[in-house]
Participant: 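I'd like to ask you about the structure that follows.
Chain naming here is simple, since letters A, B, ... match the order of the sequence lines and numbering starts at 1 in each. Computed from a prediction, not measured in an experiment: that's the story for all the values here.
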Amino acid sequence: MGKTLFEKVWDKHVVQEVDGGQEILFIDRHFIHEVTSPQAFDGIRKRGIDLYDKHRIVATADHNVPTKDQHLPIADTLSRLQVDMLSQNCQDFGVELYGLGHENQGIVHVIGPELGVTKPGMTIVCGDSHTSTHGAFGAIAFGIGTSQVEQVMASQCLLVQRPKTMRITIDGELGQGIYSKDIILYIISKLSTSGGTGYFVEYAGSAIRSLSMEARMTICNMSIEMGARGGMIAPDQTTFDYVKGRAYAPNDRWDEALEYWSTLYSDDDAVFDQEFVFRAEDIEPMITYGTNPGMGMGITQRIPTTDEVERPENLLKSLEYMGLEEGSSLLEMPIDHVFIGSCTNSRIEDLRIVADYVKGKKKSDSIQAFIVPGSKQVEAQARKEGLHDILSEAGFELRGPGCSACLGMNEDKIPKMEYCVSTSNRNYEGRQGPGARTLLVSPLTAAVIAVEGKIVDPRNYMNKEVVA
Amino acid sequence: MEKFTTLLSPAVPLWEENVDTDQIIPARFLKATSREGFGDHLFKDWRFDEQGHEKPDFVLNNPNYSGSILVAGENFGCGSSREHAAWALVDYGFKAVISSYFADIFKGNALNNGLLPVQVSREVLQQLLDGVEKEAMTVIEIDLEEQVLKVGDLGIEEHFEINSYKKMCLLNGYDDIDFLLSKKEQIKAFENNHIEF
């Protein structure tokens, strides 16, 4: 019997099996950030040990950094202490840090790939659930808790139970104005917020193959939103072209690397524990209406009624929080904020999509629109391409890189009861600030809504040149 | 880590399903650099209003319910990987959470902090939620050695699953790092033959 992509990569990293079916899994790369690492460094110090291999760790400050005036000292005392502690820890232990102000700083899941740290066939972990992003390169990448951050620091390994395998195939061609964010919101709406629990997902099919690396990252990023440990996509020419030439790419051993990476796909006779197949043609621009990412629908659809769902009380509780009615349409609903950013959709391609649409237009006066690029490199590239000018002329506020309003940890919060159309990944109660109401969409849908000031079907507003 | 053997306690019924870690501990409270003190912010926005007053409808504010066991709706702990969620529950005083389903990362984080996630069937969960809500002093017994959950008053005696290695860790108060550090030679040997680019 053949092996799945997941099994090929996993098996290459098993140091040893232990009792209870746990395995000692070797971890190639470990990303750390300021929020989930201080207690782990503290643990290492208390044990009186050193890091197993400091060269396998890359650090950045992203969750808790301000996105305005990044050149100034951080105003919030606790945030400043946390960011300073990361710098101190990295200095004490000799870890490479792309801190605030560094030209490579940014959201950890944006900078890993853009620096070429993320590569096919690797195992990658980080104390952040969206580590699944890196799976877009054919890596096994997943989020861990702080005790596990300490484990990896101490031993370069994790004790883990091998997850089950799931393949989700999307065949066909995406319609106009449909992006990878719509694909993943569609999948999660079908599988629910817990449908992937216990599984590691491989995304396959012609619609996936046709996507850029940025778009693939968006899909893998949200694997956790259906409960899956991670998601991955078999590397192909698109992957190799993206990695080649980047700072940490194996440029001096390229042919050798390529030969190995080319073996990383699921064999024809490989068996998955679970399979789903969807058609790209069935996917509309998606939007969420509830308080978990599984509560999404095509933008022209109606919110389900209590008769149509298995757990009516959950639906009613969510809709009460959101201030929405069961069975209603979201079209024409006024919106207060548009946030474009997060590890899901803050890459250069996302900014290009938004800029392409808003070029020569103005955002609605009733909307506060802000864009937070994923990294300093994305910011620099956007400037180079003139996107900054287009976006600011359209009335978007441009900020410095960070996680920002995706999780409302810094001061970038959405006020209570106000509606935010967001390109981020979670619409939980209070995620973007206490009482904030989040509707998740693609960058194009967000851009169109920013201009119109209300929820509309982006397909009715497409620029001719964007269609290509 | 504290040892976990047997726990006898009344419980707090939390009916909500899909309780995500942003509810357990909102991101704005993740700025601390130690593991202590998160219990004050446990379920912050469900527990307190904007002025910091207790919301009387929330179960943790109901003086009838107490104890070190939380009985929660399906898919508890989904979302962010923040271990602060497990720390907050432990700091508040919980030693076990019972649900019909746990999100993967939360489950791992809980086990690494001596907080036992006990997974039961949907039917048993329903019985527990109903029973505890009606009779707040219903005592639940969790015997980790025997892997049994017992509630005499409700006639429940349920076996639960736990990874045998994790069970050993909890019973003895060991953690994974001690174990992995003892494997350093094997890890080094593995790394010497490991091909990566």
Side-chain angles (χ1 to χ4, degrees), chain A residues 15-16 18-22 24 26 28 35-36 38-39 42-43 47 49 63-64 78-79 81-82 85 119 121-122 127-129 143-148 150-151 154-157 159 161 193-194 197-198 227 229 250 253 256-257 260-261 292 311 314 317 407-409 426 428-431 434, chain B residues 15-18 20-23 26-28 30-35 44-46 50 73-75 78-87 101-106 108-110 112-113 162-168 175-181 183-184 186-187 189-191 194-197:
Chain A
V15 176
Q16 198 184 319
V18 297
D19 289 350
Q22 302 256 109
I24 301 177
F26 190 81
D28 294 319
V35 178
T36 58
Q39 295 87 350
D42 187 44
R47 285 170 200 271
I49 56 175
H63 280 64
N64 200 3
L78 287 176
S79 300
L81 285 174
Q82 201 174 49
M85 190 170 278
K119 288 178 282 273
M122 278 185 160
D128 186 276
S129 60
I144 55 176
T146 297
S147 294
Q148 292 173 306
E150 189 182 334
Q151 277 179 43
S155 69
Q156 210 53 48
C157 286
L159 259 180
Q161 189 92 29
T193 189
S194 60
T197 304
R229 271 327 281 275
R253 292 197 293 158
E256 207 187 329
Y260 171 55
W261 293 346
N292 73 53
R311 302 277 175 138
N314 290 352
K317 184 170 180 282
L407 82 162
M409 188 163 175
R426 286 185 176 139
Y428 297 146
E429 283 184 28
R431 172 79 178 179
Chain B
W15 285 83
E16 274 79 3
E17 297 189 341
N18 301 317
D20 58 80
T21 52
D22 273 83
Q23 306 316 318
R28 59 188 193 281
L30 306 187
K31 295 177 183 181
T33 50
S34 73
R35 293 173 191 240
K44 188 78 174 192
D45 295 331
W46 287 353
E50 282 152 273
E74 183 148 295
N75 195 29
C78 60
S80 158
S81 62
R82 60 189 70 163
E83 193 160 318
H84 311 67
W87 298 337
Y101 213 77
F102 291 94
D104 281 334
I105 306 179
F106 173 79
N109 288 341
N112 284 334
N113 287 278
I162 181 168
N163 178 281
S164 58
Y165 165 78
K166 282 292 177 192
K167 178 177 166 179
M168 182 275 291
D175 71 23
D176 288 350
I177 300 179
D178 300 328
F179 177 79
L180 285 171
L181 287 174
K183 296 285 180 184
K184 204 152 184 178
Q186 286 96 320
I187 296 169
F190 170 89
E191 192 181 12
H194 180 53
I195 298 165
E196 60 184 308
F197 295 98

Participant: For Val15(A), does its backbone N or O pair with a side-chain atom of Gln186(B) as donor and acceptor, under 3.5 Å?
Facilitator: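 The answer is no, because no donor-acceptor pair under 3.5 Å joins these two groups.
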
Participant: With a 4.5 angstrom heavy-atom cut-off, is it the side chain or the backbone of Trp15(B) that approaches chain A, or both, or neither?
Facilitator: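 Neither part.
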
Participant: With a 4.5 angstrom heavy-atom cut-off, could you sort out which part of Arg431(A) is near chain B: side chain, backbone, both or neither?
Facilitator: both

Participant: Where on Asn64(A) is there a heavy atom nearer than 4.5 Å to chain B: the side chain, the backbone, both, or neither?
Facilitator: side chain

Participant: Just give me the residue among Arg229(A), Met122(A), Gln148(A), Met85(A) that pairs up with chain B most often, heavy atom to heavy atom, under 4.5 Å.
Facilitator: Arg229(A)

Participant: Indicate yes or no for a side-chain donor-acceptor contact from Asp104(B) to the backbone of Thr197(A) under 3.5 Å, with no hydrogens or angles considered.
Facilitator: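 Judged by distance alone, no pair lies under 3.5 Å.
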
Participant: Let's test your reading of the structure: which of Ser147(A), Pro38(A), Pro250(A) forms the most heavy-atom pairs below 4.5 Å with chain B?
Facilitator: Ser147(A)

Participant: If you tally heavy-atom pairs under 4.5 Å against chain B, which of Ser155(A), Gly127(A), Gly227(A), Gly430(A) wins?
Facilitator: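 Sorted descending by pairs with chain B, the first entry is Ser155(A).
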
Participant: Of all of Glu74(B), Lys166(B), Glu50(B), which one pairs up most often with chain A through heavy atoms under 4.5 Å apart?
Facilitator: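 Looking at each option in turn, the highest pair count goes to Glu50(B).
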
Participant: In terms of heavy-atom pairs under 4.5 Å, which option from Asn109(B), Asp178(B), Ile162(B), Asp176(B) contacts chain A the most?
Facilitator: Asp176(B)

Participant: By a 4.5 Å heavy-atom criterion (distance strictly below it), what part of Glu429(A) contacts chain B: side chain, backbone, both, or neither?
Facilitator: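 Interface part for Glu429(A): both.
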
Participant: Please flag which part of Val18(A) lies under 4.5 Å from any non-hydrogen atom of chain B: side chain, backbone, both or neither.
Facilitator: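 The answer is the side chain of Val18(A).
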
Participant: Which of the residues Gln161(A), His63(A), Glu256(A), Gln151(A) is involved in the greatest number of heavy-atom pairs with chain B at under 4.5 angstrom?
Facilitator: Gln151(A)

Participant: What residue, out of Gly143(A), Gly408(A), Ser194(A), has the most heavy-atom pairs lying under 4.5 Å from chain B?
Facilitator: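 Between Gly143(A), Gly408(A), Ser194(A), the count favours Ser194(A).
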
Participant: Pick whichever of Ile144(A), Leu159(A), Leu407(A) has the most heavy-atom pairs under 4.5 Å with chain B.
Facilitator: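 Highest number of heavy-atom pairs under 4.5 Å: Leu159(A).
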
Participant: Are any of the side-chain heavy atoms of Leu81(A) and Thr33(B) separated by less than 4.5 Å?
Facilitator: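 With C-beta onward as the side chain, the pair stays apart.
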
Participant: Heavy-atom distance under 4.5 Å between the side chains of Lys119(A) and Glu196(B), does that happen here?
Facilitator: no

